Amino acid sequence: MEYEKYRSVDDSKTEWVKCIQYEDINGAGRLYGGRLMEWMDQVSGIAATRHCGGHVTTAACDDLQFKNAAYINDVLVIISKVTYVGRSSMEVRTDVYIEDRESGMRRVINRAYFTEVHVDDQGKPAKVKYGLRLESESDKAEWEGALKRIEMRKKRRAEGF
Ligand SMILES: CC(C)(COP(=O)(O)OP(=O)(O)OC[C@H]1O[C@@H](n2cnc3c(N)ncnc32)[C@H](O)[C@@H]1OP(=O)(O)O)[C@@H](O)C(=O)NCCC(=O)NCCS
């Protein structure tokens with residue numbers, strides 16, 4: 001696709017930090033997964049908005065993996081970035097970490113790819129004006145991966161999922 005203007009992956013990168021509170025905890029004493037999904041959706045949407053410069057809606061989320069639990073008072077970090085741009089859709093990778101207070105080291109607790117769609121004032125899909133400028137090998141690898149993930153999503157949708 002041809003674009004007049006481009007934005008880099010870093011332009012959309014969004015980092016969100018939160019200290020986990022009592023109201024975020026479930027009956028088993030861990031972070032409630034649904035709450036985490038809500039936060040991931042919000043941060044993903046902001047990253048997509050930063051890329052397209054307009055309104056977005058979430059069309060899909062895949063590969064949501066809960067790798068580790070999180071607990072009260074943990075420092076939670078969510079990082080989202082646009083990895084691929086289609087006509088109206090953008091793929092956003094969202095990683096969730098717990099940051100160790102002493103060392104600052106981050107361990108992954110969750111990761112997912114969101115499909116965010118740029119929409120007009122009527123909520124209809126609208127063309128994304130900005131291409132994605134791939135500046136690093138990692139940006140290029142994510143783009144290549146997105147092409148495969150898009151094919152998998154199309155196949156699953158065709159199968160009725
Ligand atoms: C997302 C939405 C705007 C797409 O509208 P649509 O009429 O189906 O439009 P299209 O089929 O042309 O799809 C638009 C783009 O989204 C992509 N898309 C739509 N549904 C998708 C899905 N389930 N998974 C992945 N991509 C999807 C299409 O591939 C297309 O990408 P492209 O423009 O880059 O080629 C519409 O389905 C919608 O409003 N859904 C509800 C969204 C919502 O309310 N989200 C909040 C959570 S409840």
Side-chain angles (χ1 to χ4, degrees), residues 1-18 20-21 23-26 30-67 69-70 76-97 108-161:
M1 223 170 294
E2 290 297 315
Y3 299 92
E4 286 181 15
K5 298 176 192 168
Y6 286 79
R7 286 181 172 170
S8 70
V9 173
D10 276 351
D11 287 335
S12 71
K13 200 166 180 182
T14 303
E15 181 168 324
W16 187 84
V17 184
K18 175 172 174 61
I20 297 176
Q21 308 285 302
E23 64 263 25
D24 307 321
I25 297 299
N26 66 18
R30 297 164 166 226
L31 171 62
Y32 170 49
R35 187 69 51 85
L36 178 58
M37 288 159 72
E38 178 189 341
W39 296 334
M40 292 172 77
D41 188 36
Q42 286 177 9
V43 183
S44 303
I46 292 167
T49 290
R50 285 180 168 173
H51 182 83
C52 73
H55 292 288
V56 300
T57 190
T58 305
C61 166
D62 53 21
D63 294 345
L64 187 68
Q65 296 169 38
F66 291 89
K67 293 171 183 289
L76 184 95
V77 182
I78 301 181
I79 300 177
S80 294
K81 61 181 182 180
V82 171
T83 49
Y84 174 88
V85 176
R87 200 197 82 82
S88 66
S89 68
M90 291 156 280
E91 184 189 72
V92 177
R93 173 175 165 158
T94 294
D95 293 287
V96 186
Y97 306 90
V108 175
I109 66 158
N110 201 308
R111 171 172 300 151
Y113 287 94
F114 287 75
T115 302
E116 301 287 341
V117 178
H118 175 36
V119 289
D120 62 18
D121 291 342
Q122 280 73 47
K124 298 288 175 209
K127 185 176 183 306
V128 176
K129 285 183 292 189
Y130 301 94
L132 189 64
R133 192 166 59 244
L134 306 174
E135 296 179 321
S136 66
E137 288 308 311
S138 148
D139 294 350
K140 289 174 195 159
E142 284 289 354
W143 180 281
E144 291 300 318
L147 296 174
K148 291 180 192 154
R149 288 187 291 273
I150 286 164
E151 283 314 308
M152 279 166 48
R153 281 177 208 129
K154 280 184 185 160
K155 191 164 172 279
R156 286 177 62 81
R157 284 164 79 193
E159 288 168 355
F161 285 99

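Note that the structure is a prediction, hence the values are computed from the model and not measured. Order of appearance sets the numbers: ligands from 1, and atoms from 1 within every ligand.
- The pair Arg156-Glu159 does not meet the salt-bridge criterion, since no charged nitrogen lies less than 4.0 angstrom from a carboxylate oxygen.
- Of the protein's heavy atoms, Ser88 OG, 3.3 Å lies nearest to atom 15 (C) of ligand 1.
- Taking all heavy atoms of Val128, Thr115, Asp120 into account, the minimum distance to atom 25 (C) of ligand 1 is reached by Thr115.
- At a 3.5 angstrom cut-off on N or O pairs, Thr58 counts as close to ligand 1.
- For atom 40 (N) of ligand 1, the nearest protein heavy atom lies 4.0 Å or farther away.
- In this structure, atom 37 (O) of ligand 1 has its sub-4.0 angstrom surroundings free of protein heavy atoms.
- Of the heavy atoms in Ala60, only side-chain atoms (C-beta onward) come closer than 4.0 Å to ligand 1.
- Taking the ring axis of Tyr6 as reference, the NZ or CZ atom of Arg133 does not stay both within 45° of it and closer than 6.0 Å to the ring centre.
- Annotation for ligand 1: atoms under 4.0 Å from non-hydrogen atoms of Ala59 are 1 (C), 20 (N), 21 (C), 23 (N).
- Closer than 4.0 Å to atom 20 (N) of ligand 1 lies at least one heavy atom of the protein.
- Contacts of Arg157 with ligand 1, taken as heavy-atom pairs under 4.0 Å, involve the side chain alone.
- For ligand 1 and Gly86, the ligand atoms under 4.0 Å from any heavy atom of the residue are 34 (O).
- Nearest protein heavy-atom contact of atom 34 (O) of ligand 1 is Ser89 OG, 2.6 Å.
- Arg153 contributes no side-chain N or O that, together with a main-chain N or O of Ala60, makes up a donor-acceptor pair within less than 3.5 Å.
- The structure places CD of Gln122 at 11.0 Å from NE2 of His55, a figure rounded to the nearest 0.5 Å.
- Ranking protein heavy atoms by distance to atom 44 (O) of ligand 1, first place goes to Thr57 OG1, 3.7 Å.
- Per-atom contact check: atom 11 (O) of ligand 1 does not touch the protein, criterion being a heavy-atom distance below 4.0 Å.
- Considering only non-hydrogen protein atoms, atom 16 (O) of ligand 1 sits nearest to Val117 CG2, 3.3 Å.
- Between the Arg50 side chain and the Lys13 main chain, a donor and an acceptor come within less than 3.5 Å of each other.
- In this structure, Arg7 contributes its side chain and His51 its backbone to a donor-acceptor pair below 3.5 Å.
- By the 4.0 Å N-to-carboxylate-O rule, Glu91 lies too far from Lys81 to be salt-bridged with it.
- We find that Arg93 and Asp95 are joined by a salt bridge, their nearest charged nitrogen and carboxylate oxygen being less than 4.0 Å apart.
- Remark: atom 2 (C) of ligand 1 lies closer than 4.0 Å to no protein heavy atom.
- Counting heavy atoms closer than 4.0 Å to ligand 1, residue Pro125 contributes side-chain atoms (C-beta onward) but none from N, CA, C or O.
- Defined by atom type and a distance below 3.5 Å, a donor-acceptor pair is present between the side-chain atoms of Glu142 and Tyr113.
- For the 3.5 Å distance criterion, the side chains of Lys67 and Gln65 qualify, holding a donor opposite an acceptor.
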